[in-house]
Amino acid sequence: MRTLTVSTLAFAAALAGCSSGFLSGEKVDYRSGARQTTGLEVPPDLTQLAREGRYQAPGAVVSAAGSNTTAPAAAATTSSVAPAAVGGIRMLRDGDLRWLQIPMPPEQVWPQLRQFWLDSGFTLEVDDAAAGILETSWAENRVKLPQDGVRRLLGGVLDGLFDSGERDRFRARLERTPTGSEVYISHRGAQQVVSGAQRDEVRWSLRPSDPQLEAEFLSRLMVRLGSSTEQAQAATQSPAADPAATARARLLSGAPTPSLEVDDGFERAWRRVGLALDRSGFTVEDRNRSDGVYFVRYVDTQAPDERGFFGRLFGADEAREAQRYRIALLGGTAATGERTVVAVQTAEGAAITAPVGQRIADVLLRALR
């Protein structure tokens with residue numbers, strides 16, 4: 001394992017004179033991180049599985065919703081969404097959720113989106129044109145490493161000794177709309193945590209998603225697609241929607257299958273549920289926007305595991321098998337008004353009676369609150 005031990009970290013910090021900072025104001029630099037060979041794995045309840053040979057070459061039909069030509073307009077125009085128009089590309093913002101609205105079909109956006117991540121220094125673990133999903137491997141943001149004299153002196157020779165203690169991975173989701181495409185980028189982070197009586201044990205733990213990192217890569221993607229740097233920065237700084245309008249969610253009691261109620265209409269609920277699934281690491285195999293259904297895989301962690309919840313962040317989990325489920329967005333009743341019910345269903349669309357259904361609902365609730 002190439003990461004620093006606690007003692008090595010302390011030694012490096014002492015040599016560095018406690019000096020650290022960002023490289024020339026840059027926020028991200030994952031390019032040099034592509035040389036790493038030790039890959040993080042997501043926690044066992046959210047394992048990303050092999051895609052059963054469904055990968056397709058760039059240029060194929062991209063969006064899973066592509067066959068649904070009658071799908072509703074993807075971008076809501078309500079006051080809860082703050083748009084920032086940049087040429088033909090618009091960055092829309094709803095609370096901490098941002099996405100791009102692009103006046104090009106997915107077939108044209110996909111190869112540029114794919115090359116964008118490769119040029120940014122990432123390797124791709126998920127490259128599924130049929131589902132419109134790209135997901136990077138875990139990588140280190142090298143900007144967070146100390147930029148001092150010792151690092152500059154030794155970095156070229158002993159670069160592997162320096163470690164920020166953090167890793168990031170990103171998922172890009174491409175959807176077809178009647179007027180072009182939408183791109184959503186979500187972030188997941190992991191960090192080293194020191195524990196033990198002697199403070200000599202280091203383990204990996206998930207850290208909260210960073211909406212600013214998501215916005216940074218959306219901005220860079222805008223530049224890649226033809227916007228100027230100034231235009232992309234202005235779009236990123238567009239005002240957020242009214243915080244009071246931020247959707248809230250709660251578990252529903254007495255429902256035939258584990259369900260949540262989200263305080264918003266379908267369009268906004270669809271975007272927020274999609275982001276919740278992406279940030280929580282579910283494997284989204286397919287989706288049907290016109291029917292309001294996400295098809296996902298989930299690994300239940302309630303089976304005995306002596307290594308613990310995060311014990312396999314650095315190793316594959318071959319023992320557990322992910323099961324398929326549906327996350328269905330259903331219309332509310334007259335009493336609920338502009339609210340949407342989010343139901344956890346079996347792969348066939350039936351109600352779930354097993355406890356795993358409630359555990360999936362709990363994961364979604366934490367992400368949607």
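- Closest non-hydrogen pair, S186 versus L275, comes out as CB-CD1, 4.0 Å.
- Looking only at distances, no side-chain donor or acceptor of Q358 sits under 3.5 Å from a matching main-chain atom of P355.
- At a threshold of 4.5 Å between non-hydrogen side-chain atoms, the residues N141 and E166 do not count as touching.
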*Audit row: D94, R268, salt bridge (Lys or Arg N to Asp or Glu O under 4.0 Å) steps and yes/no*: CA-CA 9 Å; D94 188 357; R268 191 168 184 230; 2.4 Å; yes
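- Taking 4.0 Å as the cut-off between side-chain N and carboxylate O, R188 and D278 do not count as a salt-bridged pair.
- Evaluation of the side chain to side chain contact (heavy atoms under 4.5 Å, CB included) rule for S259 yields L252, A255, T257, V341, A343 as partners, not counting sequence neighbours.
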*Test R297 against E285 for side-chain contact (heavy atoms from CB on, under 4.5 Å), laying out the working first.*
CA-CA 7 Å; R297 281 191 178 192; E285 289 193 317; 2.8 Å; yes
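- Side chain of S181 to backbone of M104: a donor-acceptor contact under 3.5 angstrom is found.
- In this structure the side chain of M222 reaches within 4.5 angstrom of the side chain of M91, judged on heavy atoms.
- Here the shortest heavy-atom pairing between D291 and N288 reads N-OD1, 3.1 Å.
- Looking at residues two or more places apart in sequence or on another chain, you find a side chain to side chain contact (heavy atoms under 4.5 Å, CB included) between T229 and V223, Q233.
- Side-chain atoms of H187 come within 3.5 Å of backbone N or O of D210 as a donor-acceptor pair.
- Residues R289 and E267 are paired through a salt bridge, judged by an N-O separation under 4.0 Å between the basic side chain and the carboxylate.
- Here the side chain of R93 pairs a donor or acceptor atom with the backbone of G95 at under 3.5 angstrom.
- Closest approach of Y298 to V363, counting heavy atoms only: OH-CG2, 4.3 Å.
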*Mind running side-chain hydrogen bond (donor to acceptor under 3.5 Å, both in side chains) on D168 and Y30 for me, showing each step along the way?*
CA-CA 9 Å; D168 301 298; Y30 295 92; 2.8 Å; yes
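- Of the inter-residue distances, the one linking L330 atom CG with R339 atom CZ reads 15.5 Å to the nearest 0.5 angstrom.
- Annotation: ring pair (Phe, Tyr, Trp, His ring centres under 6.0 Å) contacts of Y325 (sequence neighbours excluded): none.
- Between the side chain of S219 and the backbone N or O of A215 there is no donor-acceptor pair closer than 3.5 Å.
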_For L277 and L364: C-alpha separation, side-chain torsions, deciding distance, then whether side-chain contact (heavy atoms from CB on, under 4.5 Å) applies._
CA-CA 7 Å; L277 292 171; L364 288 174; 3.6 Å; yes
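- A donor-acceptor contact shorter than 3.5 Å is absent between the side chain of T340 and the backbone of V262.
- By the rule that hydrophobic residues join a cluster once side-chain heavy atoms approach within less than 4.5 Å of another member, L368 and L251 end up as members of one cluster.
- Among all heavy-atom pairs drawn from A367 and A276, the shortest one is CB-CB, 3.6 Å.
- For E348, the side chain to side chain contact (heavy atoms under 4.5 Å, CB included) partners are T346, not counting sequence neighbours.
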*From CA spacing to verdict: side-chain contact (heavy atoms from CB on, under 4.5 Å), W204, R167*: CA-CA 9 Å; W204 285 94; R167 295 293 185 274; 3.6 Å; yes
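- Looking at heavy atoms from C-beta onward, I327 lies in side-chain contact with V273 at the 4.5 angstrom threshold.
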*Dump the intermediate steps for salt bridge (Lys or Arg N to Asp or Glu O under 4.0 Å) on R224 and D119, then the final yes or no.*
CA-CA 10 Å; R224 180 62 176 254; D119 291 345; 2.9 Å; yes
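- Below 30°, between 30° and 60°, or above 60°: for W99 and Y184 the angle between ring planes is below 30°, a parallel geometry.
- Hydrophobic cluster membership for V293: F295 (Ile, Leu, Val, Met, Phe, Trp, Tyr linked by side-chain heavy atoms under 4.5 Å, directly or transitively).
- At a threshold of 4.5 Å between non-hydrogen side-chain atoms, the residues R324 and V296 do not count as touching.
- Nearest approach of L329 to A269, heavy atoms of both residues: CD2-C, 3.7 Å.
- Taking 4.0 Å as the cut-off between side-chain N and carboxylate O, E182 and R90 do not count as a salt-bridged pair.
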*asked:* If you apply the rule side-chain contact (heavy atoms from CB on, under 4.5 Å), what do you find for V284 with R171, and how did you get there?
replied: CA-CA 11 Å; V284 180; R171 178 184 295 179; 3.8 Å; yes
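- Rounding to the nearest 0.5 Å gives a distance of 7.0 Å between CD1 of I102 and CG of L174.
- A salt bridge links R114 with D127: at least one charged nitrogen is closer than 4.0 Å to a carboxylate oxygen.
- When side chains are defined from C-beta on, F116 does not count as touching L225, because their heavy atoms never get closer than 4.5 Å.
- Qualifying side-chain hydrogen bond (donor to acceptor under 3.5 Å, both in side chains) partners for R250, counting only residues two or more places apart in sequence or in other chains: E261, D263.
- A salt bridge links E214 with R279: the distance from a Lys NZ or Arg NE/NH1/NH2 to an Asp or Glu carboxylate oxygen falls below 4.0 Å.
- Rounded to the nearest 0.5 angstrom, D286 CG and I133 CD1 are separated by 8.5 Å.
- G165 and E140 make their closest contact through N-OE2, 4.3 Å (heavy atoms, listed as atom of the first residue, atom of the second, distance).
- Among residues two or more places apart in sequence or in another chain, the side-chain hydrogen bond (donor to acceptor under 3.5 Å, both in side chains) test is passed with Q112 by none.
- With sequence neighbours excluded, the residues that form a side chain to side chain contact (heavy atoms under 4.5 Å, CB included) with T136 are W117, F122, L124, R169, F170.
- Here Q191 contributes atom CD and R203 contributes atom CZ; the two are 9.5 Å apart, rounded to the nearest 0.5 Å.
- Between P103 and T179, the closest side-chain pair of non-hydrogen atoms is not below 4.5 Å.
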